[in-house]
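These notes concern the structure reproduced below.
Source: prediction; values computed, not measured. Hydrogens, waters and symmetry mates are skipped; everything else that's a heavy atom, side chains included, is used. Just follow the structure's listing: the first ligand is 1, and inside any ligand the first atom is 1.
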Amino acid sequence: MEVGIVGLPGVGKTALFSALTGIKAEGYSEKAHVGVADIPDPRLDLVAKHIPTRKVVHATLHLVDIPGVPAGSDARKLNSFLEQIRQVEAICHVVRCFDDGSGKIDPSGDITNMETELVLADLVVAEGGAEKSTKLAARGAEDAKARLAVLERAIPMLGDGRSIRASEEWSENERLILKNYGFVTAKPVLCVANVDEDDLEGDSQHAQAVKRYALETGAGFVAVCAKLEAELAELEEPDRSEMVQSLGLKEPAVGSLARAAQTVLGLATFYTTSEKEIHAWTVPLGASAPEAAGAVHSDMQRGFIRAECYHVSDLEQYGTEKAIREAGKLRSEGKHYQMEDGEVVRFLFNV
Ligand SMILES: Nc1nc2c(ncn2[C@@H]2O[C@H](COP(=O)(O)OP(=O)(O)OP(=O)(O)O)[C@@H](O)[C@H]2O)c(=O)[nH]1
Ligand SMILES: [Mg+2]
């Protein structure tokens, strides 16, 4: 799962990227930075607290820090920007809510600027697609008719300056068609209000404006001070925890951010345990038990027999796997079982 960090120039995308990945990247670069972020996970910590193991492995998020294009950039720069956004599965839209010395903080205006660029790009694609599909549909091609029906709904929305994402429900089939066109405004979005050091909770009117926009357009929302988080990421324990505490935070904000990104992406987490390692994995919500097994190893999916599961909260209540089994809370699930978020699983397989 790849998430693109997107926003106007100088809003703190690279600072956020550094905070999430621990990769020190500074200054403007025309090339995207790519990296992997561990997803901080209190439930994983809880599992590791109750089950002895040698190694704890976090689920990860793949991030691409896509450089912003300054207003009035040439078509080549703009196209390369859009092409990079088309490649990612979800967008993390960073909006500046801190004073960068210009004395001007205008999150709503910035969001409109960014969104207009993306909406226009989709409109060009949609109109091109409609022209083609009209011709094919006239010759009786059924799939072209289906595509045309979707595009005829998308075009007026885009013409109004609205993202495809913000629309009333699209059916699964329609979503697939939208995905094939690579529409950037159809991708799930997490809005990040990049706040000042003195507004860590995001209570300022600026951060709240970003939150309202997120709610209105079906996006997720978090407030983060990227600069501070990047500094936190550079510290070693126990210095980091001390600083987190002194700031009055429960955890570094990158934790809630990474988890919000997972929610926006529609992911569920499950855990596997052994003496060797405890491992957090992510799968799309609604994945079947064999599909989840496939995330661990393709052999496990191929030779899937059944899954033994319980919930992390059972571990909290009963303390050990043995006690969970004795309490009758250990379930045996077959190949049609749909995974729930937060399960500890042992896959039984035979290859
Ligand atoms: N005060 C404050 N400054 C920040 C914050 N986040 C980033 N900055 C500063 O803003 C400047 C730009 O940050 P970058 O992370 O380079 O911005 P960017 O979005 O990657 O910019 P481009 O790559 O040019 O598109 C840097 O000097 C950062 O230190 C923040 O939360 N608060
Ligand atoms: Mg940058």
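Which parts of ligand 1 touch E197 is read off a 4.0 Å heavy-atom cut-off, strictly below it: atoms 1 (N). Using a 4.0 Å cut-off to heavy atoms of D196, the atoms of ligand 1 that qualify are 1 (N). Remark: ligand 1 atoms within the under-4.0 Å shell around heavy atoms of G68 are 25 (O).
At least one heavy atom of V11 sits less than 4.0 Å from an atom of ligand 1. Note on ligand 1: V195 sits in its first shell, one or more heavy atoms being nearer than 4.0 Å. For the ligand labelled ligand 1, residue R96 lies outside the 4.0 Å heavy-atom shell.
In this structure, a donor-acceptor pair under 3.5 Å is present between the side chains of Y310 and E321.
Without hydrogens or angle criteria, T269 side chain to T282 main chain gives no donor-acceptor distance under 3.5 Å.
A salt bridge between K227 and E231 is absent, with no side-chain N of the basic residue lying under 4.0 Å from a carboxylate O of the acidic one. Ion pairing between K49 and D45 fails under the 4.0 Å rule for side-chain N and carboxylate O.
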| request: Carefully, step by step, assess E340 and R331 under the rule salt bridge (Lys or Arg N to Asp or Glu O under 4.0 Å). | output: CA-CA 13 Å; E340 304 236 340; R331 288 169 287 114; over 6 Å; no
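Hydrophobic clustering, with ILVMFWY side chains joined whenever heavy atoms are under 4.5 angstrom apart, keeps F221 apart from L61.
Taking the salt bridge (Lys or Arg N to Asp or Glu O under 4.0 Å) definition, one finds that E89 meets it with nothing, sequence neighbours left out.
Ligand 1 has a nitrogen or oxygen under 3.5 angstrom from a nitrogen or oxygen of T14. For a threshold of 3.5 Å applied to N or O pairs, the pair formed by P67 and ligand 1 contains no separation below that value. In terms of polar-atom proximity, G10 is counted as a contact of ligand 1, with an N or O under 3.5 Å from an N or O of the ligand. Taking distance alone, with nitrogen or oxygen atoms compared against 3.5 Å, P9 stays at or beyond that limit from ligand 1. Between N194 and ligand 1, at least one pair of N/O atoms sits closer than 3.5 Å. Any N or O atom pair closer than 3.5 Å counts here, and A15 shares at least one such pair with ligand 1. The shortest N or O to N or O distance between C225 and ligand 1 is not below 3.5 Å.
Sequence neighbours left out, the pairs with a member in residues 196-205 that pass side chain to side chain donor-acceptor pair (under 3.5 Å) are D199-S204.
Note: F347 and F270 have perpendicular aromatic rings, judged against thresholds of 30 and 60 degrees for the angle between ring planes.
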